[in-house]
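Here is the structure we will look at.
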Amino acid sequence: MTHVLITGAAGSVGRMLRTRLAHHTLRLLDVAPVEDGPEDIRTADVTDLDALTAACAGVDAVVHLAGISSEGPWADILRVNIDGTRAVLEAARLAGVTRVILASSNHAVGFQERGDGDMPADVEARPDTYYGVSKAAMEALGKLYADRFGMTVTALRIGSCFPEPFNARSLATWLSPDDCGRLVEATLTTPLGGYRAVWGVSANTRRWWSLAAGEEIGYHPVDDAEAWADKVLAGQDEPDWSTEPDLVQVGGAFCRTPLGGRMH
Ligand code: 15L
């Protein structure tokens with residue numbers, strides 16, 4: 001039985017993982033209310049090092065999801081996403097937790113050309129927003145703690161983690177809730193140490209990104225967004241995948257969103 005701390009447990013990915021990781025002993029942390037349950041529930045801000053260190057006590061792994069999940073003002077992104085990630089890694093180190101899973105994003109590399117199913121998971125950072133910069137910083141912090149302190153840190157470059165794909169881009173970038181559970185389970189059990197990045201994506205027919213790094217740690221996705229293609233593309237022509245602005249770069253519309261703008 002693994003003891004796992006999930007930060008950002010009240011968010012959408014946190015709620016998906018809560019049920020899918022229920023065979024572990026879970027401690028759930030968020031600044032927002034977490035629905036009551038049998039787990040150990042903690043309320044804290046992700047920059048509160050003392051509260052995080054206490055929350056890390058006795059756990060085997062931390063799954064760090066807390067943060068602003070799309071573009072926002074720089075001061076907010078800096079505090080919550082970058083300071084917050086530093087605090088989580090430092091708290092894990094202080095508490096002797098050696099395994100941390102970081103919820104990074106495709107937007108860390110949003111200005112990369114999208115790839116054709118073969119883009120490696122460690123492709124160089126090319127952030128598309130301040131949000132993307134925070135995910136690149138998250139990954140750099142993960143490398144720092146892996147290299148300096150020997151921690152096992154996996155950065156999940158998550159595509160679009162929603163119940164269903166909802167537009168043409170997400171037919172390529174979708175990570176199903178069940179595959180998200182499979183991916184995190186692999187990160188919790190892999191014997192491989194050190195830092196690595198893996199794509200958080202399902203086995204989509206139109207996938208842009210390679211599954212190789214995920215397969216190395218035992219992530220074998222099952223779902224394919226193609227099952228929703230008819231519904232998603234109903235009433236429209238097949239998009240031109242080589243010219244449609246949202247389909248040529250990894251980050252899609254984020255590459256054109258105003259910096260610092262609120263998207264949600
Ligand atoms: C993300 O990183 C966001 O958190 C999510 O809301 C989606 O926008 C996703 O990327 C995506 O690229 O579809």
Side-chain angles (χ1 to χ4, degrees), residues 6-17 30 32 46 63-74 76-78 80-82 84-85 101-115 119 121 123 125-139 142 154-177 179-180 183-184 197-202 204 206-209 221 223-226 228-229 232-233 239 241 244-264:
I6 303 179
T7 73
S12 62
V13 176
R15 282 179 276 120
M16 286 174 194
L17 287 177
D30 207 302
V46 73
V63 178
H64 175 42
L65 309 174
I68 297 169
S69 63
S70 65
E71 185 60 335
W74 175 248
D76 298 350
I77 295 279
L78 182 63
V80 179
N81 288 14
I82 301 181
T85 298
I101 294 91
L102 301 173
S104 184
S105 167
N106 71 90
H107 298 289
V109 304
F111 268 109
Q112 294 279 2
E113 296 296 314
R114 65 175 160 77
M119 177 178 277
V123 67
R126 298 282 296 274
D128 55 27
T129 43
Y130 292 153
Y131 168 69
V133 168
S134 76
K135 295 301 181 179
M138 166 184 269
E139 294 180 356
T154 311
L156 313 179
R157 288 183 162 177
I158 297 174
S160 308
C161 190
F162 296 99
E164 291 180 12
F166 53 90
N167 61 14
R169 176 177 177 273
S170 66
L171 294 176
T173 60
W174 188 51
L175 174 64
S176 77
D179 281 340
C180 186
L183 175 57
V184 173
V198 298
W199 284 114
V201 68
S202 283
N204 304 323
R206 305 182 197 222
R207 181 171 43 79
W208 299 338
W209 310 321
D223 296 320
D224 184 345
E226 208 57 21
W228 280 266
V232 166
L233 299 176
W241 288 74
E244 187 71 37
D246 283 3
L247 304 178
V248 295
Q249 286 153 324
V250 164
F254 277 50
C255 295
R256 290 175 302 286
T257 197
L259 285 183
R262 285 197 187 276
M263 294 178 68
H264 58 101

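Scope of the values below: all heavy atoms of this structure, side chains included, with no hydrogens, waters or symmetry mates. Note that the coordinates shown come from a computational prediction; the quantities given were computed from them, not determined experimentally. Note that ligands are numbered from 1 as they come in the structure, with each ligand's atoms numbered from 1 the same way.
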- Query: How far is atom 9 (C) of ligand 1 from its nearest protein heavy atom, and which residue and atom name does that atom have?
  - Reply: Gly159 O, 3.2 Å
- Query: Heavy atom of Arg169 under 4.0 Å from ligand 1?
  - Reply: yes
- Task: Check whether any N or O atom of Ser70, backbone or side chain, sits under 3.5 Å from an N or O atom of ligand 1, and answer yes or no.
- Result: no
- Query: Any sub-3.5 Å donor-acceptor pair from Ser105's side-chain atoms to Ala108's backbone N or O?
  - Reply: no
- Item | Nearest-contact summary for atom 13 (O) of ligand 1 - protein heavy atom, Å | Ser160 OG, 2.6 Å
- With backbone taken as N, CA, C and O and side chain as the heavy atoms from C-beta onward, which portion of His107 lies under 4.0 Å from ligand 1: side chain, backbone, both, or neither? side chain
- Query: Relative to the ring of His107, is the ring of Tyr131 parallel (under 30°), tilted (30 to 60°) or perpendicular (over 60°)?
  - Reply: tilted
- Item | Side-chain H-bond candidate by donor/acceptor type, Thr257 with Glu71, under 3.5 Å | no
- Note on the structure: Looking only at non-hydrogen atoms, the one of Ser12, Ser69, Pro165 nearest atom 3 (C) of ligand 1 is Ser69
- Any donor-acceptor pair under 3.5 Å linking the side chain of Asp30 with the backbone of Ala10? yes
- Message: Under 4.0 Å, heavy-atom basis, I'd like to know which part of Asn106 is in contact with ligand 1: side chain, backbone, both or neither.
- Response: side chain
- Message: My understanding is that only one of Asp224, Asp223, Val201 makes a side-chain contact (heavy atoms from CB on, under 4.5 Å) with Trp174; could you say which?
- Response: Asp223
- Under 4.0 Å to a heavy atom of Phe254 - the qualifying atoms of ligand 1, by number: 8 (O)
- Message: I'd like to know if Arg157 and Glu139 make a salt bridge, using a cut-off of under 4.0 Å between side-chain N and carboxylate O.
- Response: yes
